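Everything below concerns the one structure shown next.
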Amino acid sequence: MNNKHLQGAECLSAKNSDNQRHTHIHTSAGTGEKVSSQLAAPCVLDAYIALGSNVGERERMLKEALIHLEQHPDIEVIRVSGIYETDPVGYTDQPAFLNMAAAIRTTLEPLELLRAMLGIENQLGRTRDIRWGPRTIDLDLLLMDGTVMDAEELTLPHPRMMERAFVLVPLRDVLLPAHTLKEQVEEAASRVLQDGGEGISLWNTINWRSVSAHSES
Ligand SMILES: Nc1ncnc2c1ncn2[C@@H]1O[C@H](COP(=O)(O)OP(=O)(O)OP(=O)(O)O)[C@@H](O)[C@H]1O
Ligand SMILES: Nc1nc2c(c(=O)[nH]1)N=C(CO)CN2
């Protein structure tokens, strides 16, 4: 059973003048007073991750990646999308992908989360040979609360997410109705699906509670 419930103060993201680093301003639940990030409990941020695999046992790779995320002490996997089989985009001479998305909660800073994700990719045998080419596992950070940043190591929101059916269709499964980008994601997903350029079909669904419970036993 998953007993991990990340807790922290409600917080707002603030962008520094260099447009790359972020600090968190915590709002005390009791008084609404702003408190400094060094003194307060760590912020719990909601984030959305896209997962893809087109080499090896694709579905197992996706599940392993989710389990690795969940096993990280500072990450909780909250919801997972359906698994979709998708035609390759960008570099097309490669096998079909399985793609999905996950909603997570974390006390990590954006760059710490990205580095944890890259560590999981490496553990699952990810290599980088051809740009947009075949991969055992790909983890892309799509959104992290209101965080906006533009650095080579991490750009948020993910710069190509709004053009990709293989991202948008799974993402709309897990994006909460109240999310500020819900309407935009729905519209973009409908548009790319109408364009019809990308083949995409539901492959399977995951009962995340039973997968995560199984991984702990
Ligand atoms: N939002 C982001 N999510 C994941 N990686 C990012 C992001 N922004 C920048 N990067 C950087 O991009 C680098 C290359 O990532 P990767 O090899 O997974 O790209 P890709 O999946 O082939 O292409 P794409 O970025 O178009 O999805 C990463 O090492 C990372 O530092
Ligand atoms: N269908 C599909 N095509 C892709 C994918 C992917 O995950 N699914 N990832 C890419 C690089 O991020 C390039 N092309």
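Please read these numbers as outputs of a predicted model, since none were measured by experiment. Counting starts at 1 for both ligands and their atoms, in listed order.
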Practice problem: Quick one: list whatever passes ring pair (Phe, Tyr, Trp, His ring centres under 6.0 Å) with His68, sequence neighbours left out. | Solution: none
Quiz item: At a non-hydrogen distance cut-off of under 4.0 Å, which region of Met100 contacts ligand 2 (side chain, backbone, both, or neither)?
Solution: neither
Quiz item: Looking only at non-hydrogen atoms, which of Glu152, Met149, Arg135 approaches atom 22 (O) of ligand 1 most closely?
Solution: Arg135
Self-check item: Any N/O pair Thr86/ligand 2 closer than 3.5 Å
Solution: yes
Practice problem: Can you pull out the closest protein heavy atom to atom 14 (C) of ligand 1? Residue, atom name and distance to 0.1 Å, please. | Solution: Arg128 NE, 4.3 Å
Quiz item: Can you tell me which residue and heavy atom of the protein come closest to atom 4 (C) of ligand 1, and the distance to 0.1 Å?
Solution: Leu114 CD1, 3.5 Å
Would you be so kind as to tabulate the donor-acceptor pairs closer than 3.5 Å made by side chains of residues 166-179, with sequence neighbours excluded?
{"residue": "Asp173", "atom": "OD1", "partner": "Tyr84", "partner atom": "OH", "Å": "3.3"}
{"residue": "Asp173", "atom": "OD2", "partner": "Gly82", "partner atom": "N", "Å": "3.0"}
{"residue": "Asp173", "atom": "OD2", "partner": "Tyr84", "partner atom": "OH", "Å": "2.7"}
{"residue": "His179", "atom": "ND1", "partner": "Leu181", "partner atom": "N", "Å": "3.0"}

Exercise. Using a cut-off of 6.0 Å, state whether more than 12 heavy atoms not belonging to Arg209 lie near its atom CZ.
Key: no
Quiz prompt | Gly90-ligand 2 polar pair, N/O distance under 3.5 Å | solution = no
Practice problem: Return yes when at least one protein heavy atom is under 4.0 Å from atom 18 (O) of ligand 1, and no when none is. | Solution: yes
Exercise. Would you mind telling me if ligand 2 is within reach of the side chain of Asp138, the backbone, both or neither, using heavy atoms under 4.0 Å?
Key: side chain
Quiz item: Charged N to carboxylate O below 4.0 Å: is that the case for Glu186 and Lys182?
Solution: yes
Quiz item: Between Pro159 and ligand 1, is there a nitrogen or oxygen pair with a distance under 3.5 Å?
Solution: no
Quiz item: When you look for heavy atoms under 4.0 Å from ligand 1, do you find them on the side chain of Leu142, its backbone, both, or neither?
Solution: neither
Self-check item: Asp138 and ligand 1 - part of the residue with a heavy-atom distance under 4.0 Å
Solution: side chain
Quiz item: Taking atom 6 (C) of ligand 1 as the point of reference, which of Met144, Glu153, Arg164, Met161 owns the nearest heavy atom?
Solution: Glu153
Practice problem: Return yes when Arg135 approaches ligand 2 closer than 4.0 angstrom through a heavy atom, no otherwise. | Solution: yes
